[in-house]
Asker: 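If you scroll down you'll find the structure; I have some questions about it.
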Amino acid sequence: MEKVKTLDGYYVYKIKKEEKSFYLADKNNYKKDIDNLLAKINDIKFDSVIIIFGIDTGEYLNKLRSLLCDRNKVLIFEPNEEVFNANKACINSDNINLILYDKTSIKEILASVINNINFNKLYVNVFGNYEKAYKEEYNTFIENLDCVYYTASAAITLAYRFKKVFLKNLIANLKVLKEVTSLNLYENINKDIPAIIVSAGPSLDKNLNEMVKHKKKLEKYFVIAGSRTLDAMMKKGIKPDMVVSIDPVDDNYEMMKDYLEEDIPLVFYEYSNRYLIRDYKGKKIFLSSVLVNTIPELHELKSPYLGGSVAHTCIDIANVMGCSPIILVGQDLAFTYNKYHSDLANFEVDKKNNYDASFVVDDIYGNKVKTNSTLNLFRERMEEYIEACRKFSEVEFINASYGAEIKGAPHEELSEIFKIYKGNDGKKNYIEDKCIEIDEEAVIYEILGYIEGCNLKAEVGEKLCKELLLNKFDKSLMNMAEDDEDLEKFIRVMAIIKEFETSKRRLYLGGYINKFLFDIKEGKFNMYAKDYASLTSSLKYQSECFLSYFKGMKEFIIEAKKLIIEILEEFYF
């Protein structure tokens, strides 16, 4: 590595990589590269996250710092260890982090700073010639960044789409919990018994025909179906050992309406479709994602792995039970044969959906297959789960589908799998132990009490903000005396907000909270970094913002309370 002075008076590193020499930025007009980088972040918001690939000699750092406020975060990923070590001493501020690029940890680092509140405030840039010099590293960096971005944005998408139905299902499903068993009891009960996870991708048609041929062998395998695949299996004469339903919408009821009298154990969680859980006559097993965090008596309940599709949860259940190998069928995660679903698992609702392929990935044969961002996110999450499992256990994953390659789950023909894995006798699919002790009425009163308390606090906060706005002159929060009555009122406002946003009971409101915080931040708390110091010290500006906060808070709380009353009248009275 060589440090070279540029024609315009800066310094640039010249490196050698794979027998080729690269200048990490323009050796003739270095200022142009700095200007190009900074031009893209000149209008950053106060909470923007700036992610830069490459630092070179760090010549842009001083100008970068001048654009930041205290709330901004900067992550600079440097793929060259020598360059990284040479620049470590240049990073002397709390909100700028220089990170040595490592493809094994990059996703975890990105996920620690990108969330469902700030994902739309990202500024991603590559400096100078890094994209050419480190093409492979940069492409991997972008792939991981895309995955983290879509994961973060998915939470808001779900909040917008399902906030009402999530709350309705939660309240309704409380009623059945004393009649069900917990997945906790199933830990390792099927140790080393092969599990087959049946999904509804285009490969299902072929996979299911193979399962029919080896129907007798299935008696020694543990077969888990999702609600979408149950009908296809039953019509082929294959009865799964367990069915899992996590989708909240009524379409799932339609998919299972002909099998409500079956005795197949049904696994669900708080947000599963309330009508299906109410009407299903068979045995039920419960996973918890909300109550486990809000009710002390239930804090040891198993939580489902929610990777976006029911298959992720099915795989997690098989893993909890100690099954191995875990065999994936119909798990295409791509438009295999130019289809989105199996012909056997298409329903009326699918006619309304427009499934467009937007890019390609490698399939099991190394060829290209079409997919979209949703399916690709499911694939990435499944690969993450498999990788995590293999760090702590010897569980084996096999992909018998014909769609996208799933790293960590090598492809094997299902016919060969049946030859290799004979299975075991004695599998269990249900334990008769209704062990969940819960007073659903007390929980409902707690939720209603929490909502009513939030409404009262919002009214108090609104009143305080209105009083603060009566001041004729603006005051600076930085210069107010400790005994200033207005300062005391503002401190009370902040205390109300902190208590509301940190309470564990906010989880009862699920998507309502996520949507509200995102919307209010976009609408009111959206200042530029250059204005941050002046606006955050302005009592009038802050009071106006928080007045809008409390008004919005009251609106969604009133709506949530109304929905709860509707569900109570339908399911309890």
Side-chain angles (χ1 to χ4, degrees), residues 183 185-201 203-226 229-230 232-244 262-265 267 283 285 305 310-332 342 344 364-365 382-383 385-403 405-431:
L183 188 69
L185 302 175
Y186 295 77
E187 194 164 2
N188 289 322
I189 66 165
N190 287 319
K191 185 71 174 173
D192 295 328
I193 289 178
I196 298 179
I197 311 301
V198 185
S199 299
S203 294
L204 177 62
D205 301 343
K206 186 174 181 180
N207 287 151
L208 202 50
N209 287 335
E210 199 64 43
M211 291 171 70
V212 171
K213 291 178 185 177
H214 298 86
K215 187 176 177 180
K216 189 67 177 175
K217 293 183 178 179
L218 289 178
E219 295 176 3
K220 296 187 177 183
Y221 285 62
F222 195 88
V223 182
I224 305 179
T229 55
L230 179 62
M233 296 179 67
M234 296 293 280
K235 286 179 177 176
K236 288 283 188 177
I238 298 175
K239 186 174 182 178
D241 297 290
M242 186 177 283
V243 61
V244 181
E262 288 292 337
D263 62 350
I264 306 166
V267 183
K283 303 157 185 173
I285 302 168
Y305 175 65
V310 66
H312 295 83
T313 306
C314 293
I315 290 169
D316 190 43
I317 292 168
N319 189 38
V320 167
M321 292 192 297
C323 296
S324 186
I326 296 175
I327 302 152
L328 311 178
V329 303
Q331 192 57 249
D332 292 75
S342 154
L344 298 172
I364 59 163
Y365 302 112
M382 192 168 289
E383 290 177 347
Y385 181 87
I386 291 171
E387 182 181 1
C389 285
R390 296 176 72 178
K391 286 181 180 178
F392 302 104
S393 70
E394 296 181 357
V395 60
E396 183 182 1
F397 293 86
I398 303 173
N399 181 15
S401 315
Y402 299 95
E405 176 192 18
I406 302 173
K407 293 175 183 175
H411 174 76
E412 188 72 53
E413 291 292 329
L414 195 53
S415 57
E416 294 301 311
I417 292 172
F418 284 125
K419 293 177 184 177
I420 298 170
Y421 300 95
K422 305 301 182 184
N424 299 296
D425 293 318
K427 67 180 178 182
K428 299 178 182 177
N429 68 350
Y430 185 73
I431 296 175

Asker: Measure up the Tyr186 and Tyr430 rings against each other and bin them: parallel (under 30°), tilted (30 to 60°), perpendicular (over 60°).
Answerer: tilted
Asker: Grab the two heavy atoms, one from Gly201 and one from Ser342, that are nearest each other, plus how far apart they are.
Answerer: O-CB, 3.2 Å
Asker: Identify the two heavy atoms, one from Ser203 and one from Gly403, that lie closest to each other, and give their separation to 0.1 Å.
Answerer: OG-N, 4.0 Å
Asker: Would you say Tyr221 and Asp241 make side-chain contact, with heavy atoms under 4.5 Å?
Answerer: no
Asker: First locate atom CD1 of Ile398, then atom CD1 of Ile196, and finally report the distance between them rounded to the nearest 0.5 Å.
Answerer: 10.0 Å
Asker: How long is the gap from CG on Asn207 to CG on Leu344, to the nearest 0.5 Å?
Answerer: 11.0 Å
Asker: Any side-chain heavy-atom pair from Met233 and Leu208 closer than 4.5 angstrom?
Answerer: yes
Asker: Find out whether Glu262 and Lys239 are in side-chain contact, i.e. whether some heavy atom of one side chain is under 4.5 Å from a heavy atom of the other.
Answerer: yes
Asker: Quick one: pull up SG in Cys314 and CE in Met242 and give me the separation to the nearest 0.5 Å.
Answerer: 9.5 Å
Asker: Give every residue pair that meets the salt bridge (charged side-chain N to carboxylate O under 4.0 Å, His left out) criterion with at least one member in residues 412-423, sequence neighbours excluded.
Answerer: Glu416-Lys419
Asker: Taking side chain as C-beta onward, heavy atoms only, is His312 less than 4.5 Å from Met382?
Answerer: yes
Asker: Working to the nearest 0.5 Å, report the span between CG of Asn399 and CD1 of Ile417.
Answerer: 8.5 Å
Asker: Less than 4.5 Å apart, any side-chain heavy atom of Ile406 and any of Phe397?
Answerer: no
Asker: Take Lys283 and Asp263 through the test salt bridge (charged side-chain N to carboxylate O under 4.0 Å, His left out) and record every step on the way to the result.
Answerer: CA-CA 6 Å; Lys283 303 157 185 173; Asp263 62 350; 5.3 Å; no
Asker: Just one of Val243, Leu230, Leu204 clears the side chain to side chain contact (heavy atoms under 4.5 Å, CB included) bar with Val198, so which one?
Answerer: Leu204
Asker: Rounded to the nearest 0.5 Å, what separates atom CD1 in Ile189 from atom CG in Asn429?
Answerer: 8.0 Å
Asker: Let me have the donor-acceptor pairs involving side chains of residues 315-331, under 3.5 Å, with sequence neighbours excluded, atom names and distances please.
Answerer:
unit_1, atom_1, unit_2, atom_2, d
Asp316, OD1, Tyr385, OH, 2.6
Asp316, OD2, Tyr305, N, 3.3
Asn319, ND2, Tyr385, OH, 3.2
Ser324, OG, Glu396, N, 3.0
Gln331, NE2, Ser199, OG, 2.6

Asker: For the OH atom on Tyr365, are there more than 12 heavy atoms of other groups (residues, nucleotides or ligands in this structure) within a distance under 6.0 Å?
Answerer: yes
Asker: Answer whether the closest heavy-atom distance between the side chains of Asp425 and Lys220 falls below 4.5 Å.
Answerer: yes
Asker: Can you name the nearest heavy-atom pair linking Met211 to Leu414, along with the distance?
Answerer: CG-CD2, 3.7 Å
Asker: Between Val244 and Val310, which heavy-atom pair has the shortest distance, and what is it?
Answerer: O-CG2, 3.5 Å
Asker: Near Lys217 NZ, under 6.0 Å, is it more than 12 heavy atoms from other residues, nucleotides or ligands?
Answerer: yes
Asker: Judged by atom type as modelled, is there a donor-acceptor pair below 3.5 Å linking the side chain of Thr229 to the main-chain atoms of Ala225?
Answerer: no
Asker: Please name all residues satisfying ring pair (Phe, Tyr, Trp, His ring centres under 6.0 Å) with Phe222, sequence neighbours left out, ordered by chain then number.
Answerer: none
Asker: Measure the shortest side-chain to side-chain distance between His411 and Tyr402 over non-hydrogen atoms and say whether it is less than 4.5 angstrom.
Answerer: yes
Asker: How many angstroms lie between atom NZ of Lys213 and atom CZ of Phe418, to the nearest 0.5 angstrom?
Answerer: 11.0 Å
Asker: Hey, are the side chains of Asn209 and Lys236 touching, using non-hydrogen atoms and a 4.5 Å cut-off?
Answerer: yes
Asker: What verdict does the salt bridge (charged side-chain N to carboxylate O under 4.0 Å, His left out) test give for Glu219 and Lys216, after you've listed the backbone C-alpha separation in whole Å, the side-chain angles of each residue and the deciding distance to 0.1 Å?
Answerer: CA-CA 6 Å; Glu219 295 176 3; Lys216 189 67 177 175; 3.5 Å; yes
